[in-house]
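Okay, structure first, notes after.
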Amino acid sequence: LTGASRWFGNVVAVNDVTMRIGPGVTGLLGPNGAGKTTLLGMMSGFLAPSAGSVTLDGEPVWRHTDVYRRIGLVPEREISFGYLTGRRFVQANAQLQRLPDPDAATERALATVEMVEPAARRIGTYSKGMRQRIKLAAALVHDPQVLLLDEPFNGVDPRQRAHLMRLLRDMGDEGRTVLSSSHILEEVEQLARHIEVLVAGRHAAS
């Protein structure tokens, strides 16, 4: 990100942020309302920067569909497709990515997050932790090099949290770029080797 800002009317959500995120696990730490979700929205291509630029390997992210194929996003907001089974939800993401074998990719992603057995059930019946894991499976189905996670441990029980943290650390060790946002210091400390701090829309520390 180079001088990246985003405003909504008169509200400045992200203010002139410059940072470089590299391979490994990076924590994006900041209080609620700091602009973390808006920043991730720009990095994932859902929001255009109002000023400055957001690039992946030198290519602009906004409206660049080839770049989207290298990014996996786990949003904080709830899944609105509660009527779908977990398997169908992940499979739909595989098909949208035009993977050559969406069924095989779906099963791999479900196994990675330990959701093979509950995948036959509707998402509307899932616990909060299970919904977080099925979102992660959908984000991983196309094997992206960059993984962006917005408060991924919300509502996840201690055992699932330990498994997810181990999984994300392994991905970072493999050379993927993993950026996980949180407002909980201990969470970021356990997960990340590098931390970026956002306060009131500004990049406060690295």
Side-chain angles (χ1 to χ4, degrees), residues 1-80 93 96-99 132 135-154 168-169 171-184 187-188 191-206:
L1 300 99
T2 307
S5 298
R6 173 73 197 199
W7 48 81
F8 301 91
N10 293 327
V11 177
V12 180
V14 172
N15 193 350
D16 194 28
V17 170
T18 297
M19 67 170 75
R20 180 185 293 269
I21 309 293
V25 181
T26 299
L28 182 62
L29 181 67
N32 286 327
K36 301 186 299 295
T37 296
T38 302
L39 196 72
L40 288 170
M42 289 194 288
M43 295 174 81
S44 57
F46 276 100
L47 289 172
S50 303
S53 65
V54 181
T55 58
L56 175 58
D57 296 334
E59 298 176 80
V61 176
W62 174 245
R63 288 187 172 170
H64 199 160
T65 51
D66 288 343
V67 172
Y68 297 164
R69 296 189 190 286
R70 286 177 258 157
I71 299 172
L73 174 68
V74 179
E76 184 183 18
R77 66 182 176 275
E78 283 296 335
I79 302 170
S80 54
N93 281 274
L96 287 167
Q97 291 287 352
R98 298 179 184 170
L99 299 181
Q132 291 293 81
K135 285 193 287 188
L136 180 57
L140 289 173
V141 75
H142 58 296
D143 200 26
Q145 273 304 107
V146 177
L147 190 59
L148 305 173
L149 306 104
D150 196 1
E151 303 276 0
F153 303 109
N154 271 1
L168 295 176
R169 280 196 295 260
M171 288 178 183
D173 291 343
E174 287 168 10
R176 293 190 210 232
T177 299
V178 179
L179 180 66
S180 177
S181 85
S182 178
H183 61 279
I184 300 168
E187 211 167 72
V188 173
L191 179 67
R193 294 180 178 175
H194 191 91
I195 297 173
E196 304 289 349
V197 183
L198 206 64
V199 178
R202 289 186 176 274
H203 187 200
S206 180

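What you see below is based on every heavy atom in this structure, not just the backbone, and it leaves out hydrogens, waters and symmetry mates.
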Which one of T55, L28, L148 satisfies the side chain to side chain contact (heavy atoms under 4.5 Å, CB included) criterion with M43?
L148
For the residue pair [X] and [Y], establish whether any side-chain heavy-atom pair is separated by less than 4.5 Å.
{"X": "R6", "Y": "V17", "value": "no"}
{"X": "W7", "Y": "V14", "value": "no"}
{"X": "P23", "Y": "Q145", "value": "no"}

Under 3.5 Å, is there a donor-acceptor pair between the side chain of [X] and the main chain of [Y]?
{"X": "K135", "Y": "R77", "result": "yes"}
{"X": "E76", "Y": "D150", "result": "no"}
{"X": "T18", "Y": "G3", "result": "yes"}

Closest approach of [X] and [Y], non-hydrogen atoms and distance?
{"X": "A34", "Y": "L198", "result": "CB-O, 3.4 Å"}
{"X": "V61", "Y": "Y68", "result": "O-CE2, 3.3 Å"}
{"X": "A204", "Y": "V199", "result": "CB-CG2, 3.8 Å"}
{"X": "P152", "Y": "S180", "result": "CG-OG, 3.3 Å"}
{"X": "V141", "Y": "A138", "result": "CG1-O, 3.4 Å"}
{"X": "L147", "Y": "L136", "result": "CD2-CD1, 4.0 Å"}

Just how far is it from atom [atom1] of [X] to atom [atom2] of [Y], taken to the nearest 0.5 Å?
{"X": "L149", "Y": "S44", "atom1": "CG", "atom2": "OG", "result": "11.0 Å"}
{"X": "I21", "Y": "L56", "atom1": "CD1", "atom2": "CG", "result": "11.5 Å"}
{"X": "R169", "Y": "E174", "atom1": "CZ", "atom2": "CD", "result": "13.5 Å"}
{"X": "T177", "Y": "I71", "atom1": "OG1", "atom2": "CD1", "result": "10.5 Å"}
{"X": "H203", "Y": "E196", "atom1": "NE2", "atom2": "CD", "result": "3.5 Å"}
{"X": "S206", "Y": "I195", "atom1": "OG", "atom2": "CD1", "result": "9.5 Å"}

Take L39 and L1, measure what side-chain contact (heavy atoms from CB on, under 4.5 Å) needs, and give me the verdict at the end.
CA-CA 9 Å; L39 196 72; L1 300 99; 3.6 Å; yes
Decide side-chain contact (heavy atoms from CB on, under 4.5 Å) for L47 and F8; before the verdict, give the C-alpha distance in whole Å, the side-chain angles of both, and the deciding distance to 0.1 Å.
CA-CA 11 Å; L47 289 172; F8 301 91; 4.2 Å; yes
Between E151 and S181, does any side-chain donor sit less than 3.5 Å from a side-chain acceptor?
no
Tell me yes or no: between the side chains of S5 and D16, is some donor less than 3.5 Å from an acceptor?
no
Whether R193 and D173 form a salt bridge (side-chain N of Lys/Arg under 4.0 Å from carboxylate O of Asp/Glu) is what I want to check.
yes
Within a reach of under 6.0 Å around CZ of R202, are more than 12 heavy atoms found that belong to other residues, nucleotides or ligands?
no
Given the rule in the side-chain contact (heavy atoms from CB on, under 4.5 Å) test, do F153 and L191 qualify, once you have shown the distances and angles that lead to the verdict?
CA-CA 11 Å; F153 303 109; L191 179 67; 3.9 Å; yes
Restricting to salt bridge (Lys or Arg N to Asp or Glu O under 4.0 Å), what partner residues turn up for D57, sequence neighbours left out?
R70
